[in-house]
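Down below is the structure, laid out as C-alpha cells.
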Protein chains: 2
Amino acid sequence: MSVTSGINHAKQLKLNRALVIDSLRRQQCCSRAELARMANLKRATITNIIGELIDSGLVVETEILNGTKGHRSIGLRINGHRYQVIGVMVTRTSYSLVRIGLSGEVYEVQSQSIPPHLGVDELILDMERSIKHMIEENHESRIMAIGVAVPGPYLQREGEVVFVTNRIGWDGFPISARFQDAFDIPVLLVNDANAAAYAQYWFSSEDDTRRNLAYIVAGQGIGCGLLFDGELVQGAMGIAGEIGHTSIDYNGPKCECGNRGCLELYCSSLALEKRVRQRLQEGASSCLGENFSTQELTAAIRAQDPLALEEYRKNCEYLAVGIVSLINQFDPGTIVIGDQLAQMAPKVLMDTICRQLKDRLRPAIWAELHIEIDTMEHNSIAMGAAAMAARSILQDPFGYLNAEL
Amino acid sequence: MSVTSGINHAKQLKLNRALVIDSLRRQQCCSRAELARMANLKRATITNIIGELIDSGLVVETEILNGTKGHRSIGLRINGHRYQVIGVMVTRTSYSLVRIGLSGEVYEVQSQSIPPHLGVDELILDMERSIKHMIEENHESRIMAIGVAVPGPYLQREGEVVFVTNRIGWDGFPISARFQDAFDIPVLLVNDANAAAYAQYWFSSEDDTRRNLAYIVAGQGIGCGLLFDGELVQGAMGIAGEIGHTSIDYNGPKCECGNRGCLELYCSSLALEKRVRQRLQEGASSCLGENFSTQELTAAIRAQDPLALEEYRKNCEYLAVGIVSLINQFDPGTIVIGDQLAQMAPKVLMDTICRQLKDRLRPAIWAELHIEIDTMEHNSIAMGAAAMAARSILQDPFGYLNAEL
DNA sequence: TTACTTTGTCAATTAAATGAACAATATAAT
DNA sequence: ATTATATTGTTCATTTAATTGACAAAGTAA
C-alpha cells in the first residue's frame with residue numbers, strides 16, 4: 001500500500017469509512033460484526049461509522065439475520081434504491097444507458113440507435129436529453145454521478161479530450177467539458193475497455209481472483225482494459241491495454257497507427273469481414289452472399305458454414321497470439337473476452353483460443369490460467385462506466401451527499 | 001490508494017512513519033519542517049516521529065541547514081553508515097554483491113566469477129561464504145537484510161522456488177529456503193529485471209516520472225521489469241514483463257517456451273551472435289574471425305565493422321518492435337534499457353531504436369515518451385536487490401531494529 | 001433450564017495528530 | 001545597527017478516532 005500523503009484523523013476516518021462501505025457493497029448485506037471482522041476493526045468502531053452512514057441515509061438496516069449462534073444480528077445494506085448512478089456506453093451506431101443503485105443492482109436499461117451521419121453536437125445533445133429524462137423521470141431516487149464510456153484511448157489535455165484514434169469521429173471534441181457543463185453532478189469519462197474490466201472486478205463478489213484482470217474488447221477494434229491490484233492501469237499516456245496495436249508480424253502490413261502487422265489488422269471484426277468478402281469474391285463456396293451483413297455472418301458461423309467458420313477460427317487464432325503476448329507481458333490472473341467477436345460463437349472462440357494457448361504457453365502457465373467469455377447479464381461497458389461513477393461517490397460519500405440534499 | 005484492512009492508531013503511525021522515512025531517504029537530508037510539508041502533516045507530528053527514530057538510531061541529526069529565511073533548521077539523515085543491506089546478483093558466469101546503507105549510499109562492491117560446471121550446491125555455499133564474510137568483516141555497521149536477484153521468472157510454490165525458464169540450471173532448486181536458513185536476517189528473492197526496474201525508481205530523486213516504468217534487460221534473454229505506481233508488477237504467475245516471449249511473428253520459428261517468433265529469438269545477444277556467425281560462415285567480410293568472443297564482437301561494433309554493425313542495428317530494430325508492443329500494452333512513462341546489448345554501443349542502440357519508434361508510434365505518443373539507456377554507476381540489478389531489501393526494512397523499521405540489538 | 005456465544009452499544013480510556021504559544025534565530029528592510 | 005518579519009523546532013493542552021471493557025439482549029447447545 002503506497003501512500004503519498006500522511007494520514008491525519010480525518011483521513012483515517014475517511015479511509016476506514018470507504019473500506020467499510022466497499023465491504024458492505026461486496027457483501028450486499030451483512031452485520032456490523034461481520035464488517036468489523038472483514039476490516040480488522042472493532043465492533044464499536046463499526047457502530048460509529050455505520051451510525052453516521054445510517055443518519056445520512058446511505059445505509060439502511062434491513063432484516064434480522066439469523067446466524068449460527070448468539071445474539072441476532074442486524075442486516076445492513078447500501079440504499080441503492082435511493083442513491084443511484086447512470087452509466088453510458090457509446091459506439092458508432094448506438095448508445096446505451098444503465099441506471100444502477102450505489103450497491104450495484106440494475107434499475108433501468110435503455111438503448112438508442114444513432115442515425116447515420118448524425119453530427120457530434122446533435123448526438124451529444126440527444127444523449128444529454130436521454131440522460132436528463134432518465135434522471136427526472138424517477139422521483140424516488142437521486143442520481144449521484146454519471147459515467148460515460150467512450151471507445152478508444154484518449155489524451156486528457158487542458159480539460160479537453162483528444163482521441164488518440166478516431167473511432168467514432170470525435171477527434172478533438174471536448175466531450176468531458178460538454179457533459180460536465182450539462183449536469184451539476186460529477187461526470188466521469190472512461191475508456192470502454194477499462195470500464196468493462198472494472199465491471200468484471202466491481203460486480204464480482206470473489207474479488208481476489210479478479211484484482212488482476214484483463215478484459216479484451218474484441219469488436220471492430222481490439223482493445224483491452226487492465227486491472228492491477230484492483231486499480232485500472234491507464235498508462236502514462238492513457239493508451240495502456242491497446243493490444244490491438246501490438247505487432248504479431250514485425251514485417252506485416254502497415255497500420256494507420258504507424259506500426260506494422262498490428263493485431264487489429266488480423267482479428268478485428270472488420271478484418272474478419274474483409275477476409276470473408278475477399279474469399280467470396282475469389283469464388284469460395286458459402287451460404288453467404290457477397291453483401292452479407294454482420295448478422296448474416298454470425299448466423300453463418302453458427303450454422304457452421306465452412307468458409308465463415310474457417311475464417312472465424314482464424315480470427316480466434318490470431319487473437320490467441322495477442323493473448324499470449326498479453327500474458328507474457330502483463331500476466332493477469334484472469335482474462336475475460338467480450339464484445340462482438342465473443343458473442344458471435346462463444347464456444348468456438350473459447351475452444352480455438354484454448355487450443356492455441358495450450359500450444360503457445362508453458363504447461364505450468366497454461367495450467368494456472370483463468371480465461372473466460374464475458375457472461376454479464378447487461379452490457380459490461382455501460383455497467384463498468386456506472387460502477388466507476390458509483391465508486392467515485394462511495395469513496396467519499398459525505399462530500400457528495402451533503403452537497404445539496 | 002487501495003486499503004484492504006482498516007487503519008487503527010498503530011497502523012496510522014506506522015504508515016506515517018514509513019512515509020516520513022521514505023521522504024527522508026529520497027531527499028537524503030532535510031529538516032523536520034520540510035518533511036512536514038512533504039507529508040502533509042504538522043511539524044509537531046514530525047517531531048514525535050523523528051524523535052523515536054533518532055532514539056532508535058536509524059535517523060541522525062547532522063549539519064545545520066541554512067535556508068533562505070527564518071530559524072536555522074537541523075538536517076536529518078538516515079544512518080546508512082550504521083544500518084545497511086546487501087544486494088546480490090547472480091548470472092550464469094558470475095555473481096556480484098553490493099553493500100549499501102539504508103539511505104542508498106554504496107559502501108562496497110564485489111564480483112566473483114563462477115567456475116564453469118560448478119554445481120548449484122557448491123555455488124550457493126560459495127555465495128553464502130562471501131555474504132557472511134562481507135557481513136562479519138565490517139564491525140561498524142549492522143546488515144539488516146539481503147536481497148538476491150536471480151535471472152528469469154520463477155514460481156513460488158510451498159516455499160520452494162521453481163524457475164519457469166531454466167536460465168542458470170537451477171530448475172526446482174529451493175533457493176529461497178536455502179538462503180533463509182543460512183542467515184538470521186530477512187532474505188528476499190527477486191527477479192533480476194524487477195530488481196533493476198525498482199532500482200531506477202528507488203535511487204531516483206524525481207520519482208514522479210519513474211513511478212510507471214519499464215526496465216528492459218537486453219542480454220542473453222530479453223526480460224523486463226514493470227513498475228505501476230511505484231509497485232512492481234509481478235503478475236498472477238510471476239511472469240509479468242517476460243517480453244522476450246511476446247511474438248513478433250506469429251508464424252515465426254518455434255521457441256522453447258512453446259510460442260512462435262518470440263522476440264528473444266530475434267534480438268537477444270545470443271541471437272545476434274548466431275546471426276553474425278552464420279553470415280561469417282556464408283563468407284561475409286568482417287574483421288571478426290569465426291570464433292569471435294563477445295568482447296571481440298563489441299569491439300567490432302564500436303569500430304564500425306560493417307557486418308557487426310549491421311547485425312547489431314538489426315537487433316536494435318527487433319527490440320524496438322517489442323518496445324512498441326510494450327508501449328501499446330503497458331504504456332510506461334519511462335523506459336530504461338540495460339544489460340549487455342545496451343552496453344555494447346549505447347548510442348547506436350538509442351539512435352536505431354528511436355528511429356523505429358518514431359516510425360511505429362503515433363506522433364502524439366512518441367512526443368511524450370521517455371526512453372533512456374541505463375546509466376547507473378553500479379550494476380542496476382544488484383543495486384535493485386539491495387534497494388528492495390532496504391525497503392522491506394524501512395517500511396517497518398522497529399520490527400527489525402528492536403529484534404536483537 | 002443452564003451454560004455458553006455472539007451482537008450491538010455505551011462510557012471510559014488510550015493513542016495519535018493537531019493547535020496555539022513560545023523561544024530561538026535566520027533574512028530583509030529601514 | 002536596528003527593526004520587522006519569517007521560519008524552525010518544541011511543549012503542552014486539546015481534539016479526534018479507535019479501543020477496551022462491561023453489559024443487556026438474544027440466540028444455540030447441552
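We use all heavy atoms of the structure for the numbers below, so side chains are in, but hydrogens, waters and symmetry mates are not. Each chain gets a letter, A, B and so on, in the order its sequence line appears, and its residues count up from 1.
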Residue-phosphate contact under 4.0 Å: B:N8 side-chain N/O, D:dA17 OP1/OP2: no

Could you tell me whether B:R17 contacts a base, only the sugar-phosphate backbone, or nothing, with contacts defined as non-hydrogen atoms closer than 4.0 Å? nothing

State which residues pass salt bridge (charged side-chain N to carboxylate O under 4.0 Å, His left out) with B:E108; sequence neighbours excluded, sorted by chain then number. B:R99

If the cut-off is 4.0 Å, is A:R32 near the phosphate of C:dT6, judged by side-chain N/O to OP1 or OP2? no

Please tabulate, one pair per line, each protein N/O and nucleotide N/O from nucleotides 23-25 of chain C that are separated by under 3.5 Å, including the distance.
from, atom 1, to, atom 2, distance (Å)
C:dA24, N3, B:H71, NE2, 3.3
C:dT25, O2, B:H71, N, 3.3

Among D:dA18, C:dA16, D:dT8, the one nearest A:N16 by side-chain distance: D:dA18

Distance check: side-chain N/O of B:R37 vs OP1/OP2 of D:dT8, anything under 4.0 Å? yes

Name all residues meeting the side-chain contact (heavy atoms from CB on, under 4.5 Å) criterion together with B:E377; count only those two or more places apart in sequence or in a different chain, and write none if there are none. none

Bend angle of the helix from C:dT1-D:dA30 to C:dT30-D:dA1 from five-pair axes at both ends, rounded to 10°? 20°

If you find the nucleotide of DNA chain C closest to A:S31 and the one closest to A:H9, which residue's nucleotide is nearer the 5' end? A:S31

Specify the closest pair of heavy atoms between B:Q84 and B:N138, including all atoms of both residues, with the distance to one decimal. OE1-OD1, 4.1 Å

Looking at DNA chain C, which of residues 41-51 of chain B put a heavy atom within less than 4.0 Å of it? B:L41, B:K42, B:A44, B:T45

Name all residues meeting the side-chain contact (heavy atoms from CB on, under 4.5 Å) criterion together with B:I54; count only those two or more places apart in sequence or in a different chain, and write none if there are none. B:R32, B:I50, B:V59, B:E61, B:L76

